[in-house]
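Worksheet for the structure shown next.
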Amino acid sequence: MRSTRIGLVAAAAVLALTASACGSDDGGDSGSGDGGSESIKIGIKFDQPGLGLKQGNDYTGMDVDIATYVAKELGYEADAIEWVQAPSAQRENLISTDQVKLIFATYSITDERKEQVSFAGPYFIAGQDLLVRADDSSITGPDTLDGKKLCSVTGSTSAQKVQDEVPGVNLQEFGTYSECVAALVSGAIDALTTDDTILAGYAAQPQYEGKLKVVGSTFSEERYGVGLKKGDTELCQQVTDAITKMVEDGAWQAAVDDNLGKAGYTPGAGNPPTPDACS
Ligand code: GLU
C-alpha cells in the first residue's frame, strides 16, 4: 500500500537487526523475522467499522492502521501481512496455538487474559457504553437495564461486566457485535453493550442513519493492548517501541482521526496512553 523502495530497504535493515537480535522463541508458523519474503499473521476484527473491517480484500480501521505501522517497524511491509479474523472469544486461543503472531482487535488488557497471553500497550483507551434504537429514551445507563434484552459478545469484557453489575438483565451473547446490531435494528433485543469506539462505528453506518444512538455515558475503562505469546518479552518490547514511535511522529493521531473521526468519535481522557512495561 504505502510501501516505497526506500521503505523496503529500511525495513530490510530493521529485519536484519531484529533477526540477529532474537528468533529463538518464534514458535509455530505465525510469522518470523528471518526473511524478507515471510509474512506475519495478525488477528483483527472483520466486522467493526472504524476499528477492524474487511470489505472484499480491503481491510480498514484504527486497529488495522496501528497494526500495519507496528508490523513495518518489525520488518514486515503491508503486503506481507496476513489478516486473520479474531472474534472476541477466540483471541487467547489464536495466540497460544500460534495461529497469529499479534492481535489488534479492540482487545482489552485484563489480569485474567494475562494468565494466557501477554500484552504490549495500551495503545488506546475506550470505555463501555450502550447502543439503543434512536427512539428509545428508556435506557440511559446500566441502571436502567433491568428486565431489558441486552446483547453482547461471548468472551468480551463487556458481557462479563454487565452480568456482574446488572444481574437483572436478560443478556444474550452472540459471537460478533454485528449480529447484535442486526438484532437491535430488528427489535429482537433492546440494547447492545460494548466499547464506545465500536458502538460509534456502527451508529455512523449509512444504513443505520437515524436508527441507532450511543447512550453516551461510559462505565468502564478498556485499555486496548496488542495480544502476543505469553512471556515473549522481546516481541512485547519491539511492539511497545513501535507504538511509542507512532505516537511521537503523529501517525497514531492520524490513525485515530482517519478512522474514528468519521463516526464523530473523540478519544476520551488518557489518550494517547503510555504503554505499560513489558514483563
Ligand atoms: N474491549 C472489550 C474486550 O476486549 C470489548 C470489545 C471486544 O470484545 O473486542 O473484550
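Counting starts at 1 for both ligands and their atoms, in listed order. Everything numeric in this text was worked out from a predicted model, so none of it was measured.
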Are any of the N/O atoms on [X], whether in the backbone or the side chain, positioned under 3.5 angstrom from an N/O atom of ligand 1?
X: Tyr177; answer: yes
X: Thr194; answer: no
X: Gln48; answer: no
X: Thr106; answer: yes
X: Asp195; answer: yes

So, does [X] sit close enough to ligand 1 that a heavy atom of it is under 4.0 Å from the ligand?
X: Val153; answer: no
X: Gln128; answer: no
X: Arg91; answer: yes

Once you restrict to heavy atoms under 4.0 Å, what part of [X] touches ligand 1? Side chain, backbone, both or neither.
X: Ser88; answer: side chain
X: Ser158; answer: side chain
X: Ala105; answer: backbone

Any luck finding a side-chain donor-acceptor pair between [X] and [Y] under 3.5 Å?
X: Thr193; Y: Gln128; value: yes
X: Thr176; Y: Lys45; value: no
X: Tyr224; Y: Asp195; value: yes
X: Asp63; Y: Tyr123; value: yes

Task: Presence of salt bridge, Arg223 and Asp276, under 4.0 angstrom - done: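 Yes, this pair counts.
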Open item on the list: Does this structure show an ion pair linking Lys41 with Asp98, if we count only N-O contacts that are shorter than 4.0 Å?
Closed with: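 Looking at Lys41 and Asp98, the cut-off is not met.
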Task: From Arg113, Glu222, Lys161 - option closest to atom 4 (O) of ligand 1 by heavy atom - done: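 Considering heavy atoms of Arg113, Glu222, Lys161, the nearest to atom 4 (O) of ligand 1 sits in Arg113.
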- [ ] Select the closest option to atom 2 (C) of ligand 1 among Thr157, Thr110, Thr193, Leu51, judged by heavy-atom distance.
- [x]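 Minimum heavy-atom distance to atom 2 (C) of ligand 1 goes to Thr157.
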Task: Flag, side chain of Asp129 to backbone of Gly216, donor-acceptor distance under 3.5 Å - done: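 Looks like yes, one N/O pair under 3.5 Å.
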Open item on the list: Using only atom types and a distance under 3.5 Å, with no angle test, would you say the side chain of Arg91 pairs donor to acceptor with the backbone of Ser88?
Closed with: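 A pair under 3.5 Å: yes.
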- [ ] Show your reasoning for whether side chain to side chain donor-acceptor pair (under 3.5 Å) applies to Glu92 and Tyr107.
- [x] CA-CA 10 Å; Glu92 290 80 36; Tyr107 196 11; 2.7 Å; yes
